[in-house]
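Below, chain A is the first sequence line, B the second, and so on; all start at residue 1.
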2 protein chains.
Amino acid sequence: MQAFTGQELSSKKVSYLKYIYMRGDLVKTTEIAARFDVAPSTVTKALGEIAKAGYIEHTPYHGVKLTPLGTEYARFLVRRHRIVALVLSHFGLTPEEACSEAEKIEQSFSKDLVDRICRSLGHPIMSVCGEIEHDHGCCSAGGHPV
Amino acid sequence: MQAFTGQELSSKKVSYLKYIYMRGDLVKTTEIAARFDVAPSTVTKALGEIAKAGYIEHTPYHGVKLTPLGTEYARFLVRRHRIVALVLSHFGLTPEEACSEAEKIEQSFSKDLVDRICRSLGHPIMSVCGEIEHDHGCCSAGGHPV
DNA sequence: ATAGAATTTAGATATATACCAAATTATGGA
DNA sequence: TCCATAATTTGGTATATATCTAAATTCTAT
């Protein structure tokens, strides 16, 4: 498995990548632009950069698709999001609040930090906005023994 | 009291402001530059912007000093830092780890979120890297009743 | 085959961060 | 006091991110 840090992509690119992952298969520029309320040209430029980084395959005029690396990375991004949302829910935020607040702060959580929180929580399988997948060595590897 | 959101200043500016607060009184450009390992000119520019925003008073060639607004804001920044560090410590991070990890993620925590976490924790007076001041209506005001 | 929709390209703007080199100001020692 | 040196600021440049508009290109469905 890759050694992600969680800081490979900027905040907006992470949002786009997660969206592409959730939508699955081929995703169109216009759809992403509509979802994030930005101009299509803004999305085109970002997609080009995400593609250059190897996370998606961009077929001009046709759409984007995750690469295997992108899929693996997106899985981490979603896990990070859900772990952070779960943590916030412990402070009394409703599932909706926890999810939207997580969206704002998750960007700065490193993979190592997420893994430690995950371990400390006993590798929960459910968050407030979906299941938490613990594939491979993910958060059980490294650091303190489980 | 002011209605801060926590996003008034960029990440680096927040770091500089917290440092100025901790150092107290008149702080010199070179000192800040040394502390953050950047060129003095980089600091000068940032200080100019922080001053324009009203948080510090910059006397060219002599140093900077917090304004009342800046002092109040810095107090919030320090409280935010300590609340976040305290939260991280609950997941098994040592005080040092919690403090340095908090430094990386606190920027994106809004005042509202900090206040909610603070309330949920029962307004703790101690964190892992110092005391937590709860002046004015701070985290007990607004939102759900305490 | 082509009009209209989708998309990309090109050119601008804005913010944040940072550097270097040159100019300016401050300050301490003779 | 005067000046050499240190500190600081200015001005110019650079990168990265994010965004837009307008024009050009490509796709697609009639």
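- Distance alone, capped at 3.5 Å, places no donor-acceptor pair between the Arg75(A) side chain and the Glu133(A) backbone.
- A single hydrophobic cluster is not seen to contain both Val43(A) and Tyr61(A); linkage of ILVMFWY side chains at heavy-atom distances under 4.5 Å, directly or through other members, places them apart.
- Going from atom CD of Gln7(B) over to atom C1' of dA16(C) covers 15 Å, rounded to whole Å.
- The distance from atom CD1 of Ile50(A) to atom C1' of dT17(D) is 12 Å, rounded to the nearest whole Å.
- Among the heavy atoms of the strands lying under 4.0 Å from Ser10(B) are primed sugar atoms or P, OP1, OP2 only; no base atom is included.
- For Pro124(B) against Leu86(B), the heavy-atom pair with the smallest separation is CG-CD2, 3.5 Å.
- Grouping the Ile, Leu, Val, Met, Phe, Trp and Tyr side chains by contacts below 4.5 angstrom, directly or via other members, places Phe36(A) apart from Leu26(A).
- Each of Thr59(B) and Ser11(A) was assigned the nucleotide of DNA chain D with the nearest heavy atom; the assignment lying further toward the 5' end belongs to Thr59(B).
- Sorted by first then second residue, the ring-ring contact (aromatic ring centres under 6.0 Å, His included) pairs that include residues 39-58 of chain A, not counting sequence neighbours, are Tyr55(A)-Tyr73(A).
- Ionic pairing of Asp112(A) and Arg116(A) is not present here: no N-O contact between side-chain nitrogen and carboxylate oxygen is shorter than 4.0 angstrom.
- One atom, CD of Glu49(A), and another, P of dT8(C), lie 13 Å apart when rounded to the nearest Å.
- Note: Ile20(B) CD1 to Asp25(B) CG = 12.0 Å, rounded to the nearest 0.5 Å.
- Leu17(A) places its CG atom 13 Å from the P atom of dA18(D), with the value rounded to the nearest Å.
- Side-chain nitrogen and oxygen atoms of Thr29(B) include at least one within less than 4.0 Å of the OP1 or OP2 phosphate oxygen of dT9(D).
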Any N/O pairs under 3.5 Å between the protein and nucleotides 25-29 of chain D? List them or say none.
none

Provide a list of protein-nucleic acid N or O atom pairs under 3.5 angstrom, restricted to nucleotides 18-21 of chain C.
| residue | atom | partner | partner atom | Å |
| --- | --- | --- | --- | --- |
| dA18(C) | OP1 | Lys12(B) | NZ | 2.9 |
| dA18(C) | N6 | Lys45(B) | NZ | 3.3 |
| dC19(C) | OP2 | Ala39(B) | N | 2.7 |
| dC19(C) | OP2 | Thr42(B) | OG1 | 2.9 |
| dC20(C) | N4 | Ser41(B) | OG | 2.6 |

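- Atom NZ of Lys52(A) and atom P of dA16(D) are 8 Å apart (whole Å).
- A salt bridge between Lys104(B) and Glu101(B) is present, with a side-chain N of the basic residue lying under 4.0 Å from a carboxylate O of the acidic one.
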>> Is there a salt bridge (charged side-chain N to carboxylate O under 4.0 Å, His left out) between Arg119(B) and Asp115(B)? Walk through the geometry before answering.
In response: CA-CA 6 Å; Arg119(B) 259 200 304 282; Asp115(B) 287 352; 5.6 Å; no

